[in-house]
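Below: one structure, written as structure tokens.
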Amino acid sequence: MAQTEETIVALATPNGIGAIGVIRLSGPDAITIAQKVWKGKDLTQQASHTLHFGRIVDGELELDEVVASLFIAPRSYTRENVVEISCHGSNYIIESIIKLLIRNGARAAKAGEFTLRAFLNGQLDLSQAEAVADLIASNSKASQQVALQQLRGGFSNQLQQLRDQLVQFASLIELELDFAEEDVEFANRDQLKKLTHDITRVIGSLIQSFELGNAIKNGVNTVIAGRPNAGKSTLLNALLNEERAIVSHIPGTTRDTIEEVLNIQGINFRLIDTAGIREATDTIEQIGVQRTMEKISQSALLLYVYDAGEISLADLNSDIEGLQKPGVTMLIIANKADLLNAEQLAALPHTDKAIIISAKEKHHINELKHKIYGAAVKDQLTGHETLVTNIRHLEALQKTEEALIRVLAGIDTVTSDFLSMDIKQALHYLGEITGAVTTDDLLENIFSKFCIGK
Ligand SMILES: Nc1nc2c(ncn2[C@@H]2O[C@H](COP(=O)(O)OP(=O)(O)OP(=O)(O)O)[C@@H](O)[C@H]2O)c(=O)[nH]1
Ligand SMILES: [Mg+2]
């Protein structure tokens with residue numbers, strides 16, 4: 001799909017007015033094309049990794065004073081010749097220079113085409129290329145760290161090792177196929193069993209890491225729900241430390257959902273304050289309650305808030321039971337503790353999922369934040385672990401796992417040709433992650449999601 005003999009051009013910085021704009025050229029003719037519109041030192045005679053001041057000219061017309069950075073193949077992001085022109089960040093200047101370069105032999109780059117070339121030229125593997133997009137999109141320390149780890153190839157190396165081991169076995173089994181009549185076994189079945197077990201275990205833990213990886217990359221949907229007047233909006237405000245939601249003593253104050261992002265230790269929690277859950281008396285309220293229930297089923301974390309002085313233990317238990325949803329972790333928050341005496345406090349349920357707070361007085365809000373964080377991140381993050389954050393990778397890993405399970409099931413019973421097929425399947429899906437196995441559709445799908453100029 002890539003025509004690497006063409007030289008491509010695009011703006012690498014965001015559209016709009018800025019102090020500077022960077023126009024990137026990549027391809028075999030990048031330097032000669034730049035030279036055609038350049039007034040200054042001869043760019044074709046300069047060393048790699050050097051900067052040059054000069055003017056961009058369109059015949060007699062001077063367009064801008066710029067700095068050109070030279071990267072000579074293969075020492076560049078794309079492994080091709082690259083020139084980056086830093087010009088003044090005016091839309092008019094940027095457009096004029098890009099048009100001029102196109103008139104002189106470059107072609108407008110497609111979305112992600114620079115990174116696609118980096119991949120095709122072996123600078124990055126596929127999961128590393130995807131990490132570039134993740135890094136650009138990262139909006140918290142944790143998501144930046146995970147993307148950087150993936151970009152550096154931690155994930156790829158791990159997969160490559162697993163693949164290498166399997167390839168060895170696959171070739172031994174292939175050999176058996178060649179000697180089918182003689183009933184020989186080149187591939188030791190016990191060793192294969194152990195290897196497949198080991199690999200399946202690693203794949204399994206990568207699959208499990210997705211829950212956290214996804215939380216880090218996309219944030220955690222966190223719903224605050226409970227009966228009217230329990231103090232849900234007060235709690236939202238206390239967590240955000242600002243008066244975001246309207247609070248009043250009138251039950252039914254919050255009618256529509258309110259969403260705000262709270263960052264706890266680098267992870268974004270999307271807090272959703274909802275309408276109180278009760279028997280609705282009017283249509284608007286009814287819609288509000290419906291919406292709350294929908295939000296709960298779409299969330300990963302539920303902060304169930306109740307007024308600790310108001311509700312009976314039986315009602316509490318039935319609320320909790322009614323709100324329990326598969327895949328949704330629930331924290332049980334007893335609110336308005338400031339109104340209770342010691343005896344009442346002692347009677348409240350105490351479990352590791354329960355906490356007693358006063359939203360109004362901001363008591364135990366930090367403890368609650370710890371619990372919220374702990375519900376998403378079971379173990380402390382070191383920043384070096386391999387976490388799967390990409391759905392495409394998750395699906396490929398799941399298919400690998402299925403194939404490996406078939407290998408395990410068949411090792412002692414099925415013939416070499418069936419075994420070989422399942423091993424090849426596993427290899428195929430592992431290869432899809434790093435790009436050892438690709439199709440044009442797959443690449444198109446991945447790189448079209450990039451921005452132009454990356
Ligand atoms: N004493 C005390 N009052 C609280 C506390 N938290 C909330 N309140 C009061 O309880 C009332 C209801 O608070 P809200 O935050 O509006 O309750 P809500 O759950 O959002 O209510 P709806 O939106 O109507 O469902 C307000 O008068 C708050 O000031 C608390 O910790 N202690
Ligand atoms: Mg409210």
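Ligands are counted one by one from 1 in listed order, and the atoms in each one are counted from 1 as well. Sequence positions, counted from 1, serve as the residue numbers for this chain.
Residues Thr434 and Ser127 have side chains that never bring a donor and an acceptor to within less than 3.5 angstrom of each other.
Dense packing is recorded around NZ of Lys362, with more than 12 heavy atoms of other residues, nucleotides or ligands lying under 6.0 Å away. More than 12 heavy atoms of other residues, nucleotides or ligands lie within 6.0 Å of CZ in Arg255, so this atom counts as buried by the packing criterion. Around CD1 of Ile17, the count of heavy atoms belonging to other residues, nucleotides or ligands within 6.0 Å does not exceed 12. For Glu242, the CD atom is densely surrounded, since the number of other residues' heavy atoms within 6.0 Å is greater than 12. Surrounding NE2 of His49 are more than 12 heavy atoms belonging to other residues, nucleotides or ligands, all under 6.0 Å away. By the neighbour-count criterion of 12 heavy atoms within 6.0 Å, atom CD of Glu259 is densely surrounded, having more than that number from other residues, nucleotides or ligands.
Of all the listed residues (Gly231, Gly276, Gly252), Gly252 holds the heavy atom that lies closest to atom 24 (O) of ligand 1. When Lys336, Arg278, Lys362, Glu361 are ranked by how near their heavy atoms come to atom 10 (O) of ligand 1, first place goes to Lys336. The option with the heavy atom closest to atom 22 (P) of ligand 1, from among Leu235, Ile224, Asn229, is Asn229. When the heavy-atom distances from atom 29 (O) of ligand 1 to Ile246, Ile357, Val247 are ranked, the shortest goes to Val247.
If you number the atoms of ligand 1 from 1 as listed, the ones under 4.0 Å from a heavy atom of Ser233 come out as 15 (O), 18 (P), 20 (O). Below 4.0 Å from some heavy atom of Ser358 lie the following atoms of ligand 1, by number and element: 30 (C), 31 (O), 32 (N). The Ile250 neighbourhood of ligand 1 comprises atoms 24 (O), with distances under 4.0 Å to a heavy atom of that residue. Residue contact check: Ser248 has heavy atoms under 4.0 Å from atoms 11 (C), 12 (C), 13 (O), 16 (O), 26 (C), 27 (O) of ligand 1. Of all atoms in ligand 1, numbered sequentially from 1 with element shown, those under 4.0 Å from a heavy atom of Ala230 are 19 (O).
Backbone or side-chain N, O or S atoms of Ser233 reach the Mg ion (ligand 2) at under 2.8 Å. For the Mg ion (ligand 2), the set of nearby N, O or S atoms under 2.8 Å includes none belonging to Thr253.
In this structure, the side chains of His52 and Leu70 come closer than 4.5 Å at one or more pairs of heavy atoms.
Residue-to-ligand polar distances keep Asp273 apart from ligand 1: every N/O pair is separated by 3.5 Å or more. Looking at Ala337 next to ligand 1, no N or O pair under 3.5 Å apart turns up. Every N/O-N/O distance between Pro251 and ligand 1 stays at or above 3.5 Å. Any N or O atom pair closer than 3.5 Å counts here, and Thr274 shares no such pair with ligand 1. Residue contacts with ligand 1: Ala359 is placed with a nitrogen or oxygen under 3.5 Å of a nitrogen or oxygen of the ligand (distance criterion only).
Between Glu444 and Lys110 there is no salt bridge, since no side-chain nitrogen of the basic residue lies less than 4.0 Å from a carboxylate oxygen of the acidic one. Salt-bridge check for Arg244 with Glu260: passed, with a basic side-chain N closer than 4.0 Å to an acidic carboxylate O.
Looking at Asp338 against ligand 1, only its side chain comes within 4.0 Å, counting heavy atoms.
Checked against a 6.0 Å centroid threshold, the rings of Phe210 and His393 do not count as neighbours.
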